[in-house]
Amino acid sequence: MNPPEPAAFVVERGSNGGSGAGGFVREISSSGGSGSSSRVSPLDANGNKLERWASLAWRDLTVSLDGKNKVIQSLTGYATPGTLTAIMGPSCCGKNHLLKALAGRFPSHAKVYGEVLLNGRPRYLKYGTYAYVSKGEQLIETLTVRETLYNAALLQLPKCTPCSEKTAVVDSAISSMELEGYGSIPVGGSFLVKGLTPGERKRLTIAMELLTRPTLIFCDEPIDNLDSVSAFLLVASLKKLASNGCTVVITTERTCTEVFHLLTTICLLSKGKAIFFGDTAACLELFASAGFPCPSLQNPTDHFLRALNAEFEKVNRITKLNQASKLDASVITRTLETTYNASNEAAVVEALVHQLSEKEGPFLKSRGQASFTTRVAAVTYRSFLNMSRCFTYFWLRFLLYLPLSVCIATIFYGLGDSPQLVTVRASAIFAMVSFFSLLAIAGVPALAKDIKVYRRERKNDHTSAGVFVLANFVSSSPYLLLVSAVCSSVCYFFMDFQSQFGRFVYFVVTIFLCLAIVEALLLVITSITLNVFAAILVATTIQVLMMLSGGHFRELDQVPKTVWKYPASYAAFHTYAVEGILENEYSSRRDFLRQRYASWDSSSGKWMDLWILAAMALAYRILLYFSLLLCRKSSTNNGHKTKP
């Protein structure tokens with residue numbers, strides 16, 4: 001079939017796609033003739049021309065993750081302003097791979113062949129021109145809806161945006177996703193914080209990506225695990241965005257009947273191949289013409305899955321509900337694929353893709369990003385609020401530290417200042433440093449949530465590794481200092497340490513630096529494992545090894561030099577903490593320290609130990625920075641390759 005003439009170019013077809021969605025008109029210059037220039041202009045639901053819009057077209061799109069096996073093969077289709085396109089199919093059919101290929105979200109090692117065009121040009125998505133909503137909700141449950149959105153606005157909008165405009169953008173996002181009346185409600189999501197329902201949290205996740213006013217919206221399985229009412233309300237909100245001129249593309253395995261009729265276009269896949277692309281009504285006609293009509297009382301998407309999913313063959317043999325039970329899924333798939341490729345619908349799709357690639361639309365420019373300092377301030381304030389409200393972040397640890405401090409203080413009560421008790425005092429210091437550090441593992445679940453929120457924001461270019469590392473340190477320091485000061489006060493004076501204020505401050509700062517080191521170490525481990533249980537297991541093992549090599553159970557001159565002394569004892573912060581506090585306590589009686597510790601080196605002094613602890617805290621933060629960069633899984637493949 002030859003492409004239709006330019007004057008007849010209209011993308012919206014069929015009764016289902018025409019309700020509430022915009023269309024296209026073609027403007028011809030007054031010069032006329034064969035040399036006349038033309039451009040495509042979309043219309044919103046009210047018939048007004050859109051100045052900023054996005055039409056997406058792809059032709060012969062193929063993706064291979066390992067260079068051999070193709071996850072999607074030779075797919076062709078389009079998504080235009082005013083349309084809500086759903087990529088559907090059974091599990092492992094390639095719908096998520098197609099969405100990532102369209103959004104440029106594949107890692108650099110993936111091979112993408114074919115054409116992906118945005119407004120007639122090779123697709124290159126700039127910041128703020130599109131939104132990508134990943135599967136699942138990575139939200140901070142202690143923040144309210146309005147706090148969440150306003151903080152996201154600070155991270156996403158340009159630094160020159162006035163506060164009044166940011167507030168207006170937040171109000172618009174709330175209205176777009178039907179979240180009015182939820183502004184002061186916490187996000188929730190756990191048994192400790194009750195808040196929004198799963199459907200409301202998913203709409204909030206989408207609202208966070210609308211703050212830059214994107215023209216192209218990708219949603220990865222937005223209605224997964226939602227009930228039919230929540231799914232309908234979410235898709236209806238997306239349909240409203242499409243009617244205002246956005247181009248919306250979603251993936252889903254199945255929908256309820258009401259949601260199915262909201263869709264403008266459907267792309268049906270099976271094993272990476274196109275079974276159908278076009279209007280939803282035409283999809284039902286295709287199945288009927290291929291000999292697999294949808295029963296009148298059956299959900300269309302359930303019918304599609306029964307026909308295409310091999311797992312349903314067992315169900316079909318038992319239920320015998322329709323003709324699909326007489327054939328296996330592979331035969332049905334081949335029949336539908338052949339019927340579609342020979343249909344007029346496939347020819348029309350090719351023609352429309354050809355037209356969309358013929359003429360170039362507006363070039364979508366980024367409106368700018370927030371500055372580094374603005375993002376650091378926004379993430380710091382958000383983290384500070386979360387830490388103050390989240391019980392499992394620091395308050396749980398504080399409740400563990402305080403009884404432990406009382407236990408240590410009462411066990412070692414009234415030691416006096418006798419130099420002969422230096423061994424006992426060293427045991428008390430080692431107990432404090434070791435057990436305080438070990439109990440910090442209680443904060444791993446909260447740290448894991450922070451890492452997941454960072455990864456979502458980093459994939460969408462809303463933050464960076466440097467912002468997260470700096471903001472986390474600034475926001476956590478007051479709480480770590482509070483824990484250090486309170487717990488140190490209980491132990492320090494009960495165990496008869498010297499009462500000079502300067503020595504007490506040194507003691508508190510040493511405990512603070514030990515907790516800061518452990519906090520950074522836990523973040524490094526969590527960012528690599530992304531699993532709470534694995535992070536706790538690895539962190540516990542590392543800290544136990546540090547305790548063993550810290551020089552308390554056996555003097556460092558007597559331990560094997562390979563591994564345990566070099567480098568284990570030098571990597572254990574316990575070594576420097578205990579030596580520094582003992583030096584702080586017995587600075588005028590170093591001879592007793594040398595008698596107790598044959599390997600005692602008094603030349604460095606307590607201040608060198610303190611500087612080493614500070615350097616270790618900084619080193620772990622730097623290690624965290626690089627671990628966040630190396631473990632980043634966002635796409636670096638925003639372009640495409642031509643098919644060989």
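Every value quoted in this text rests on a predicted model; they were computed, and no experiment measured them. By convention here, the first residue in the shown sequence is residue 1.
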Would you please say whether a donor-acceptor pair under 3.5 Å links the side chains of R203 and S237?
-> no

Could you walk me through whether T264 and K239 pass the side-chain hydrogen bond (donor to acceptor under 3.5 Å, both in side chains) test, one step at a time?
-> CA-CA 9 Å; T264 308; K239 181 73 172 181; 3.0 Å; yes

Pairing residues for V532 by the side chain to side chain contact (heavy atoms under 4.5 Å, CB included) criterion, not counting sequence neighbours | V444, P445, A448, I536

Determine the interplanar angle of the F106 and H97 rings, folded into 0 to 90°, and report it as parallel if under 30°, tilted if 30 to 60°, perpendicular if over 60°.
-> parallel

Verify the distance criterion only: is there a donor paired with an acceptor across the side chains of D220 and S134 at less than 3.5 Å?
-> no

N/O donor to acceptor pairs below 3.5 angstrom from side-chain atoms of residues 179-189, sequence neighbours left out:
unit_1 : atom_1 : unit_2 : atom_2 : d
E180   : OE2    : S175   : OG     : 3.3
Y182   : OH     : E200   : OE2    : 3.0

Indicate yes or no: does E165 engage R367 in a salt bridge with an N to O separation below 4.0 Å.
-> no

Specify whether F218 and Y132 have parallel, tilted or perpendicular ring planes, treating 30° as the upper limit for parallel and 60° as the lower limit for perpendicular.
-> tilted

Just by distance, with hydrogens left out, do T301 and N299 show a side-chain donor and acceptor under 3.5 Å apart?
-> yes

Using a strict 4.0 Å threshold on nitrogen-to-oxygen distance, state whether R375 and E457 make a salt bridge.
-> no

Given L75, which of T62, D60, L269 fulfils the side-chain contact (heavy atoms from CB on, under 4.5 Å) condition?
-> L269

F277 ring center near Y78 ring center (under 6.0 Å) | yes

Salt bridge (charged side-chain N to carboxylate O under 4.0 Å, His left out) partners for E141, two or more places apart = K449

